[in-house]
Amino acid sequence: MATTPLGLFAIDGLLSDEERAMRDTVRAFVDARVRPHLADWYDAGTLPARDLARELGGLGVLGMHLEGYGCAGTSATAYGLACLELEAADSGLRSLVSVQGSLAMFAIWKWGTEEHKQTWLPRMATGEAIGCFGLTEPDFGSNPAGLRTRAVRDGDAWVLTGTKMWITNGSIADVAVVWAQTDEGIRGFVVPTDTPGFTAPEIKRKLSLRASVTSELVLDGVRLPADAVFPEVRGLRGPLSCLDEARFGIVFGSLGAARDCLETTIAYAQQREIFDKPLAAYQLTQAKLADMSLELGKGMLLALHLGRLKDAGHLATEQVSLGKLNNVREAIAIARECRTILGAAGITLEYPVLRHANNLESVLTYEGTSEVHQLVIGRALTGEAAFR
Ligand SMILES: Cc1cc2nc3c(=O)[nH]c(=O)nc-3n(C[C@H](O)[C@H](O)[C@H](O)COP(=O)(O)OP(=O)(O)OC[C@H]3O[C@@H](n4cnc5c(N)ncnc54)[C@H](O)[C@@H]3O)c2cc1C
């Protein structure tokens, strides 16, 4: 009697009824509404993000772990499980939700004024308004401390000038959270994207995350009212607090991509006959499947442990790094190994495996590269910061 990779680990028994219900709702949505179209969207390099955002808002997934302002206020673990189901479809879909909920909405929820929150959060929770998060610049990715976008006071106004790069949802956003240098260090600004001087050209010809909108943000003398700035937070503490949220979602999400690869591959190996018997009946194949299932299950146990720590209010930055480093690294290894089992069939969009592997190249890089997470963990272990 065959079981699934996560079934082997009896993961369901570790989830509450509410968590299982949320997971099943998102999985059903993804299967009905997203999966049938993914290969075409990926091939064309598009995503109907506005329509999907409204539907995801209707499901209560956008900013779901935040309290108030129309957000569902679920546990962090339930949010993680939703990310897993979304990324089982495609990392681009999970990126849409992560950037909306964990980066743009969280930044406003955590650091914004009451007016920022009232203006944006209810509309972002329903998917009526889309947000993006502009931290990375052409010359500053892993080292955002050096960013060059500048905000200067001009009478009562702020004027922003600079360029952001690789910004998810940029061209479709109604509001951008933009981090800029000021005389008091790095500060965050809430920028309506219809403000004169703001443009967001889309980045094309991507080989990864093709079903996701990625853009440049050009700020050419963007003039904002005095209250557009987050009032309290100064320095990298602001953006890094948001990155921890999004990284947490990736700890779970990356496992969704891996699970989809593994389940697809097991089904393929069971029906593919080679040398007169199913590929699944060969010891070499089973060794691969066993090793991959082990890594998937271990990653899931780690994700749930981190989820419980977060729900208890005890999750530290370096622990998020443990999860992001391990789970994305193992997910991409699983996707590549699965591709070998599919043979030539694995290189097409008929199967999701190479699509996931290609997507995970981006996931490996954004929200802190593997090397950056190794350095965060290394600092925690030794007390020595080796970033520079
Ligand atoms: C599809 C996609 C979507 C994205 N969405 C967003 C978004 O919405 N908002 C946003 O702000 N950013 C976004 N990013 C940007 C992303 O966060 C950056 O790409 C990431 O931080 C890495 O920066 P970089 O690409 O400039 O690489 P670099 O910083 O140039 O790094 C290049 C290499 O150097 C390594 N490296 C860096 N520091 C060290 C060190 N101290 N020692 C050894 N090696 C080191 C890195 O690990 C990497 O391997 C996105 C990126 C992608 C690909």
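Atom set for the values below is all heavy atoms of this structure, side chains included, hydrogens, waters and symmetry mates excluded. Note that ligands are numbered from 1 as they come in the structure, with each ligand's atoms numbered from 1 the same way. If you're wondering where the values come from, they're calculated on a predicted model, not measured in any experiment.
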task = Heavy-atom contacts with Phe133 under 4.0 Å: which atoms of ligand 1 show up? List them by number with element.
result =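 Taking each heavy atom of Phe133 in turn, ligand 1 has 7 (C), 8 (O), 9 (N), 10 (C), 11 (O) under 4.0 Å.
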message = Within ligand 1, which atoms have a heavy atom of Glu371 less than 4.0 Å away?
response =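 This gives 46 (C), 47 (O), 49 (O) as the contact atoms.
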Tell me which protein heavy atom sits closest to [atom], plus the residue, atom name and distance to 0.1 Å.
atom: atom 52 (C) of ligand 1; result: Tyr366 CD2, 4.0 Å
atom: atom 32 (C) of ligand 1; result: Ser142 OG, 5.0 Å
atom: atom 25 (O) of ligand 1; result: Thr365 CG2, 4.3 Å
atom: atom 23 (O) of ligand 1; result: Gly141 CA, 3.2 Å

query = Within 4.0 Å of atom 47 (O) of ligand 1 (strictly less), any protein heavy atom?
reply =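 So atom 47 (O) of ligand 1 has protein heavy-atom neighbours under 4.0 Å.
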query = Do protein heavy atoms approach atom 37 (C) of ligand 1 to less than 4.0 Å?
reply =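 For atom 37 (C) of ligand 1 the answer is yes, since some protein heavy atom falls inside 4.0 Å.
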message = Please classify the Thr168 to ligand 1 contact at 4.0 Å (heavy-atom distances, strictly less than): side chain, backbone, both or neither.
response =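 Looking at Thr168 and ligand 1, atoms from backbone and side chain both fall under 4.0 Å.
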ask   = Looking only at atom types and distance, does a side-chain atom of Arg23 sit under 3.5 Å from a main-chain N or O of Ala78, one as donor and one as acceptor?
value =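 Side chain of Arg23 to backbone of Ala78: no pair is present.
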ask   = Should one rank Val178, Val363, Leu375 by closest heavy-atom distance to atom 42 (N) of ligand 1, which comes out on top?
value =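 Nearest heavy atom to atom 42 (N) of ligand 1 lies in Leu375.
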key: Ring centre gap for Phe189 and Phe230 strictly below 6.0 Å   =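 No, they do not, as the ring centres are separated by 6.0 Å or more.
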task = Answer yes or no: does an N/O atom from Thr136 fall short of 3.5 Å to an N/O atom of ligand 1?
result =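 Looking only at distances, the answer is yes, because the N/O contact criterion of under 3.5 Å is met.
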